[in-house]
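Every chain is numbered from 1, with letters handed out A, B, ... down the list of sequences. As a basis for the values below, the full set of heavy atoms in this structure was taken, side chains included, without hydrogen atoms, waters or symmetry mates.
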There are 2 protein chains.
Amino acid sequence: MSTMPSRQPKRKDAIRTRAALLAAATECFARQGYEATNIRAVCAKAGANLGAVSHYFGNKERLYREALVLAHRELVAREPVPQMGAGDSPRRALRNWVRYLLRIFLLRRAAHPYAGRLIAWELRDPTPALDDLIAEVLGPVRQALNQIVAAALGDADEPELRARCANFVHGICVFHDQNRELLQRFGHPVPDREEELVVLADTIVEFAMAGIKRLRTQPSATSPRRRKTTRSRPSRG
Amino acid sequence: MSTMPSRQPKRKDAIRTRAALLAAATECFARQGYEATNIRAVCAKAGANLGAVSHYFGNKERLYREALVLAHRELVAREPVPQMGAGDSPRRALRNWVRYLLRIFLLRRAAHPYAGRLIAWELRDPTPALDDLIAEVLGPVRQALNQIVAAALGDADEPELRARCANFVHGICVFHDQNRELLQRFGHPVPDREEELVVLADTIVEFAMAGIKRLRTQPSATSPRRRKTTRSRPSRG
DNA sequence: TTGAATGTCATACAATTGTATGATTTAATG
DNA sequence: CATTAAATCATACAATTGTATGACATTCAA
């Protein structure tokens, strides 16, 4: 860890080795997550020595952070977060959003080969890097969904209801990624090709739009029509 | 591992120690999952020696299996899987089902204090014990949901569409358990008290019933209205 | 070409963890 | 009470893994 040339590598070998290390790490982390990835395997795959990680990145965590940041930056650069255009209908916007998320998490050949898996792992087993990830990617993505839901809710839009609906859509999408094993055993393998994915996305959109519409006309659950005695002030008694 | 008195312990200390070990293990596994739980901590909590696990259970995995089986058996005994009664409307049945699942995964003081967490961990990080769990609990639970969805779909019921709808409901529910950290950071903490949970459940039911109804009248996504060439017999070629 | 900076390598170290074991203590039995 | 089987204990072992280091090799500039 004496020098750690993260900037300005002094020799050509350096950038090559560093890049190889980063690439190998990205793949390993994407495949197995942070904990299960061991440095030795990464170095072997990169054709580098064991000490290389210490030398170039200091430790495992910093290597991971750099891989994660690089990957998600590239992902966003290649496939921007879908924003609801002025002329877009909520349905159309939602369709784009759902497809976007499913592509990232489900598709084998996504815009970035590893970013999706890296993000999925980070969501599953959060590390200190989650904050950055939220700030740069997950936050904006979620924000986009919130806006779509708000538009779909129209007059009935209200923070809690909006969040709830967004959670439902969000949940349906990530469920298919986070529960592959279970779905496999239930006989419903998760699609990993574009065509099937689009069908799934459209089904989700129909389902969700109807659900939102229902909650728009009858948001009984979150704010009871006739609130009966506020239960001795449950809020911060 | 010489004797391993899983049946017929020869002395009174034995059953006491064994039980303490099992209880401690159940709590640890429920809190941290299989991998993160270490034998030493379990033994310490049980007031037993390190060798006790080898002695009474053989190894960590068998200890885990016994804890998992015991816990989920007790859970099912105390709170049976909600079946759709003959007179039940789909809405009512779905409400019971959603509440059931949310209680297991979200409630702090559930029917069984640890079974829910144990099952959640097993779903997150499947071990060989997943098969048993599916056979005894998850399978029947899912089956119950399938029946409810089938009833809600009515004439439009059809395996693929049914599975898809069930996935959506299922996904919405477990999302709230599997993504606590993220929801926390988004400012939408997951409810852990009965009253809030019921409200969430009812919202989910409204959302889902509307979604199912929509897909019932327009199942375009999964089975095109005009099925064009049955794709060279997709069923069991 | 030469020397100094720098990348690479084999190796070591410490910590963690599941498992196994032989000695010792304890309790049940005749 | 004595005997014996069983429970408990301290301890050891092997494997894994992140990290650090000092020797060696290589490249580049003067």
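Remark: C1' of C:dA10 and CZ of A:R40 are 12 Å apart, rounded to the nearest angstrom. When rounded to the nearest whole Å, the span between CZ of A:R18 and P of C:dG7 equals 11 Å. Protein atom OH of B:Y64 is 20 Å distant from nucleotide atom C1' of C:dT19, rounded to whole Å. Look at NZ on A:K12: it is 16 Å from C1' on C:dA5, rounded to the nearest Å. Going from atom CG of A:L63 over to atom P of D:dT17 covers 16 Å, rounded to whole Å. If you take CG of A:L21 and P of C:dT8, they are 10 Å apart, rounded to a whole angstrom. Distance, A:N59 CG to D:dG18 C1': 9 Å, rounded to whole Å. We find that CZ of A:R62 is positioned 13 Å from C1' of D:dG18, with the value rounded to whole Å.
Under the 6.0 Å cut-off for aromatic ring centres, A:H170 and B:F175 qualify, their centroids lying closer than that.
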Go through it in stages, so that I can follow the logic: the residues are A:R99 and A:E194, the test is salt bridge (Lys or Arg N to Asp or Glu O under 4.0 Å), and I'd like the CA-CA distance, side-chain angles, deciding distance and then a yes or no. CA-CA 9 Å; A:R99 286 187 182 181; A:E194 176 76 17; 6.0 Å; no
Do B:D192 and B:R180 pass the salt bridge (Lys or Arg N to Asp or Glu O under 4.0 Å) test, and can you show the C-alpha distance, the side-chain angles, and the key distance before you say yes or no? CA-CA 11 Å; B:D192 59 348; B:R180 287 187 145 86; over 6 Å; no
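The salt bridge (charged side-chain N to carboxylate O under 4.0 Å, His left out) test applied to A:R31 returns A:E27, not counting sequence neighbours. With sequence neighbours excluded, no residue forms a salt bridge (charged side-chain N to carboxylate O under 4.0 Å, His left out) with A:R142.
If you check D:dT8, C:dT19, C:dG7 against the side chain of B:S54, the one that comes closest is C:dT19. Across C:dT17, D:dG18, D:dA7, the shortest atom-to-atom separation from the side chain of B:H55 is found for D:dA7. Of the listed nucleotides (C:dG7, D:dT17, D:dT11), D:dT11 has the atom at the smallest distance from the side chain of B:L50. The side chain of A:N38 approaches D:dG18 more closely than any other nucleotide in the set D:dA12, D:dG18, D:dA7.
Between B:T17 and the phosphate of D:dA7, there is no side-chain N or O to OP1/OP2 separation shorter than 4.0 Å. Listed pair A:Y56 / C:dG7 fails the phosphate criterion, with no side-chain N or O lying under 4.0 Å from OP1 or OP2.
Two residues, B:D13 and B:E61, neighbour DNA chain C, and the one matched to the more 5' nucleotide by heavy-atom proximity is B:E61. Heavy-atom distances to DNA chain D give each of A:G51 and A:E35 a nearest nucleotide, and the one nearer the 5′ end belongs to A:E35. The residue among A:A48 and B:A36 whose nearest nucleotide of DNA chain C is located toward the 5' end is A:A48.
Among the atoms of the strands shown, base atoms are found under 4.0 Å from some heavy atom of B:N49.
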